[in-house]
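Data block below; observations after.
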Amino acid sequence: MLSCKSSRPPLNCPKVVPRPSAEVSTTVCGSMRQAAVRRLSVLAASVINSQIASVCDSGVRRSLQSYAQCSSSPGNNTHNAVTSGSLTSSCSAPYEFQHLASFGTSSLHRDLARGSRAQFSTQAVSTSEKGANMAFQAASEPDISYLTQKEAAAIDEELMGPLGFSVDQLMELAGLSVACAIYEVYRPSEYRRVLVICGPGNNGGDGFVCARHLHHFGYAPTICYPKRTDKPLYKGLVTQLEALHAPFVDPESLSLPLTDHYDVIVDAMFGFSFKGIPRPPFDKIVKMLSVGPDTNPAETGVPPTVSIDIPSGWDVEKGDVETTGFHPPMLVSLTAPKLAAKFFHGPHHFLGGRFVPPAIVEKFHLRLPPFPGTSQCVRIGPAVLDVAAMRLSYEAGALDEEDAAKDPVEQFSRWFNDAVAANIHEPNGMSLATVSADGRPSNRFVLLKGYDADGFKWYTNYGSRKGSDLSETGRAALAFWWPGLERQVRIEGDVEKLPSEESDAYFHSRPKGSQIGAAASPQSSVVPSRSTLEDMYKQLEAEYQDKELPRPETWGGFRLRPQRIEFWQGRPSRLHDRLLLTEWASVHAIRWRVEDRTFGTIGLICAYRSVPVTCEHDGISLRVSIDSHQGRKHHVLNRTPSIFLSIVVLIGW
Ligand SMILES: [K+]
């Protein structure tokens, strides 16, 4: 019997955690990493704006391969490493997150260590390098109108005059858009306590509306409203917030460090009608908030500030001419940015107020970016290149083994239905990873077209790269990513072609346009021009106008018979839930068994939450007992002695 007690520091300990040793072996790789990061930043900006394939040159590929070979982050964390930036500064990540890279050895890492190649596309058939670079330029210097103070007021009058809007209507949409923009950058999981400072005019009204929506989004807003008015609109907005039990505080009670009480500040003091220098009591508040966009809230005591329409105290056209020193990291311009916004250099600039009708656009010759989908706000200005700072806390749910279906296809079905119900865009989109006979991996997104106990199906051109990889090796891996639910499903197994009758039936169920497209496209081969493809399409369209198009022999379905299915649910601090089911064949039937939960997770829970842990083993199985505030939990792991050893090392670490 072996017992060990953990004595790790609590989670909020500010201690800097050394990077895991395998990652630290970077004296040689350090400069390559920096180069990779610089290039990745440019690449990331291009990803945001356009298809990127053609800008990823061989140098980037080499740099990234170097990085991948230097790092030892666990499985999915290679993705995390790229997006959350453990390339540059793993020590700037939250304390508990820094530890995660210490655990586990992923199959991806093993594959890379064996010398397999990481996959990067270097060529795109349909995207020119020039096109991608132009898209990047466009994002850096947005083609957008900036308004003078006079124009802003004139638009206001036009909206509320001939165009029939009321002030509370516009205020509602403006405040909602600010709340939505805040949610994009400062999630309530980390920035729950919001101080909204409201001025005497409509900018202050936007602040009230924003505060109300923030409440409904899961934040805890507090209001500072130094100069009250008796106007019914404002009294109503105040009453609405009081009914939500939002506290109101006096300006005198505000003092540094504001970070003790608030995680983010909304500056709704003055908008486009501001003139001169802030008068009391706003002068003191502006002074208190006067820190640059890149300063550290822990040092200044000022949480990140979001300014509505204009950073308060700034001249509406000339910016911070009074040198208030107030430079918030986030600005939400309404209707269109005012000239002062040209002097805003913070990382987050959004446009809100999705209510500008074409009559205003025409009359004032406005150039405005389109709002995506149903969004109330759109990011403008240069894309954020601080990839290291991009991280979300996963809080959408948990996956408990006891709640999961025993049959993985049934479990997949549950999650797939959840994804459909959650309105995830194309929930049947999945990445399909294949490998050629000589070990070159490749990956792309395709659409799942059916699943049942026999496997997961999709259709493609048999002559494509994936088609030939699958014919050569007969193996593939699928991955589904459902962002709103923070869930991932990974499926690996053997692949076979579907019977031709099944491919025929599916082919003829497709819209005629898709059938012709499949027949016309010489998949994965370079075509002289797009018009060649279009000509071929038109020719087939004419030929088969009134008759059935036969399924091309080169086009059909595949089925992956799963051998491993992993269900992954994101959790806070990267302590995700994973449930891995692997197939095992008994004499009578194929069955599934649940693999052990990630050892690292158990080790982490013990090590970083300072929970008492006891381990007992009898040579065949290891019983780990953990005391937590929810009671005593037991985990039994059936593993070989070497695995026991590593678990014991993890727990004792
Ligand atoms: K403001």
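One-based numbering, in listed order, for ligands and for the atoms of each.
A donor and an acceptor atom, one from each side chain of Asp267 and Thr305, are nowhere located under 3.5 Å apart.
Aromatic ring centroids of Phe282 and Phe270 lie under 6.0 Å apart.
Among the backbone and side-chain atoms of Asp309, none of the N, O or S atoms lies under 3.4 Å from the K ion (ligand 1). When distances to the K ion (ligand 1) are checked against a cut-off of 3.4 Å, Gly199 contributes no N, O or S atom below that limit. When distances to the K ion (ligand 1) are checked against a cut-off of 3.4 Å, Ser307 contributes no N, O or S atom below that limit. Distance check for Ile308 against the K ion (ligand 1): an N/O/S atom falls below 3.4 Å. At a cut-off of 3.4 Å, Met269 does not coordinate the K ion (ligand 1) through any N, O or S atom. The distance from the K ion (ligand 1) to the nearest N/O/S atom of Ala268 is not under 3.4 Å.
The pair Lys363-Glu158 meets the salt-bridge criterion, since a charged nitrogen lies less than 4.0 angstrom from a carboxylate oxygen. Salt bridge annotation for Asp309-Lys338: present, with a cationic side-chain nitrogen under 4.0 angstrom from a carboxylate oxygen.
Closest N/O/S atom of Asp267 to the K ion (ligand 1): O.
Judged by distance alone, with hydrogens and angles left aside, the side-chain atoms of Trp314 form a donor-acceptor pair with the main-chain N or O of Phe326 at under 3.5 Å.
With the K ion (ligand 1) as vertex, Ile310 O and Phe270 O subtend 90°, rounded to 10°. Draw a line from the K ion (ligand 1) to OG of Ser312 and another to OD1 of Asn203, and the angle between them is 110° (to 10°).
Side-chain contact check for Arg379 versus Phe350: some heavy-atom pair is nearer than 4.5 Å.
Between Tyr183 and Tyr219, the ring planes lie perpendicular to each other; the angle is over 60°, past the 30° to 60° tilted range.
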